[in-house]
Amino acid sequence: VFGKDINLVLVLSNLSSDRKSVRVDMSASTILYTRRAVAEILKAATSVELGPKQGKHIRVKIPYTHYGKYLTTDKRIQVTALCEVMRTHGLKLLVEKTIILEDTNIIIKLPRRVVVNKAVTLEISYANPLPEPVSRCVLLVTLMNQQVKINLARLAPRERSKIFFEFTPRRAGPLQLQVDFSCDKFSHVKGFVTIAVAPA
């Protein structure tokens, strides 16, 4: 989840009946959706001894403080592990994983029934998932082809807050509401919901 430390486990298994020494070079970078690297956030190397038919786990932690300021709006991190079996004429194995960090920041609560030409109040809650305060918070609400910009108070670390948003639907049928939350430390955290508007 965005704002939390990332914990990974690399599992190595020796399927042979011989003892193996494995060198593991690990790296991680923030990337764009095109897989182009933005910034390297982790570089580590270790060696592991594996007995016959033995498996071992290598634990890797990427703290938020290492990746936070380098993350793009795509919220993607590419992790690679190059495993080289020693004394085997350069036998290598490359393991790759792309992590897409989830947002759990925007929650939109609707009334049970929404009727055309009757005022509706929605509850929109938003959060700061980071271990540090954020300021210059802005909520952009898009509804019925109109955008409303709402300036919000700063949020303390891990704080959740909410606003109430009122509107009157002018026609029956499905209506899409989109919310976009930005601040000084991250931008474009989105939430959306489809509202079923009943006839009067």
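Predicted model, so just to flag it, every value in this text is computed and none were measured. Along the sequence shown, residues carry numbers from 1.
The distance from the CD1 atom of Ile195 to the CG atom of Leu143 is 6.0 Å, given to the nearest 0.5 Å. In this structure, Arg76 CZ and Thr30 OG1 are separated by 12.5 Å, a value rounded to the nearest 0.5 Å. Once rounded to the nearest 0.5 Å, the distance linking CG of Leu42 with CG of Leu8 reads 8.5 Å. In this structure, CG in Asp18 is found 9.5 Å from NZ in Lys53, a value given to the nearest 0.5 Å. To the nearest 0.5 Å, the span separating CG on Leu152 from CG on Leu139 amounts to 5.5 Å. Taking NZ from Lys43 and OG from Ser29, the interatomic distance works out to 8.5 Å, rounded to the nearest 0.5 Å.
The local environment of CD in Glu96 is crowded, with over 12 non-hydrogen atoms from other residues, nucleotides or ligands closer than 6.0 Å. The local environment of NZ in Lys56 is crowded, with over 12 non-hydrogen atoms from other residues, nucleotides or ligands closer than 6.0 Å.
At least one side-chain heavy atom of Leu82 sits under 4.5 Å from a side-chain heavy atom of Lys92. For the pair Cys83 and Leu12, the minimum side-chain heavy-atom distance is below 4.5 Å. Contact annotation: the side chain of Lys118 never approaches that of Val197 to less than 4.5 Å [non-hydrogen atoms, C-beta and beyond].
Contact check on Arg154 versus Glu159 returns no salt bridge, with no Lys/Arg side-chain nitrogen under 4.0 Å from an Asp/Glu carboxylate oxygen.
Between Phe186 and Phe181, the ring planes are perpendicular. Angles over 60° get that label, and only those under 30° would be called parallel.
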Step-by-step side chain to side chain contact (heavy atoms under 4.5 Å, CB included) determination, Phe165 to Val141: CA-CA 9 Å; Phe165 183 79; Val141 181; 3.8 Å; yes
CA sep, side-chain torsions, deciding dist, call: Ile58, Thr46, side chain to side chain contact (heavy atoms under 4.5 Å, CB included): CA-CA 9 Å; Ile58 299 174; Thr46 188; 4.0 Å; yes
Side chain to side chain contact (heavy atoms under 4.5 Å, CB included) evaluation trace for Val148 with Phe167: CA-CA 11 Å; Val148 179; Phe167 74 99; over 6 Å; no
Candidate pair Ser21 and Glu49, rule side-chain hydrogen bond (donor to acceptor under 3.5 Å, both in side chains), full reasoning: CA-CA 5 Å; Ser21 293; Glu49 293 290 327; 2.6 Å; yes
Stepwise side-chain hydrogen bond (donor to acceptor under 3.5 Å, both in side chains) check, Thr98 with Gln78: CA-CA 4 Å; Thr98 300; Gln78 178 87 24; 2.7 Å; yes
Ile77 and Leu101: CA distance, side-chain angles, deciding distance, side chain to side chain contact (heavy atoms under 4.5 Å, CB included) verdict: CA-CA 8 Å; Ile77 294 174; Leu101 298 174; 4.2 Å; yes
side-chain hydrogen bond (donor to acceptor under 3.5 Å, both in side chains) between Asn14 and Ser16, intermediate numbers included: CA-CA 6 Å; Asn14 179 8; Ser16 76; 2.9 Å; yes
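Annotation for Val115 and Ala200: closest pair CG1-CA, 3.7 Å, computed over non-hydrogen atoms. Residues Ser135 and Cys183 share a closest heavy-atom pair of O-CB, 3.4 Å. Residues Pro157 and Asn128 come closest through the heavy atom pair CA-ND2, 3.7 Å. Nearest heavy atoms, Ile62 versus Ala28: CD1-CB, 3.9 Å.
The backbone N or O of Ala45 lies less than 3.5 Å from no partner atom in the side chain of Asp25, so there is not a single donor-acceptor pair.
Sorted by first and then second residue, the pairs that involve residues 46-66 and meet ring-ring contact (aromatic ring centres under 6.0 Å, His included), not counting sequence neighbours, are Tyr64-Tyr67.
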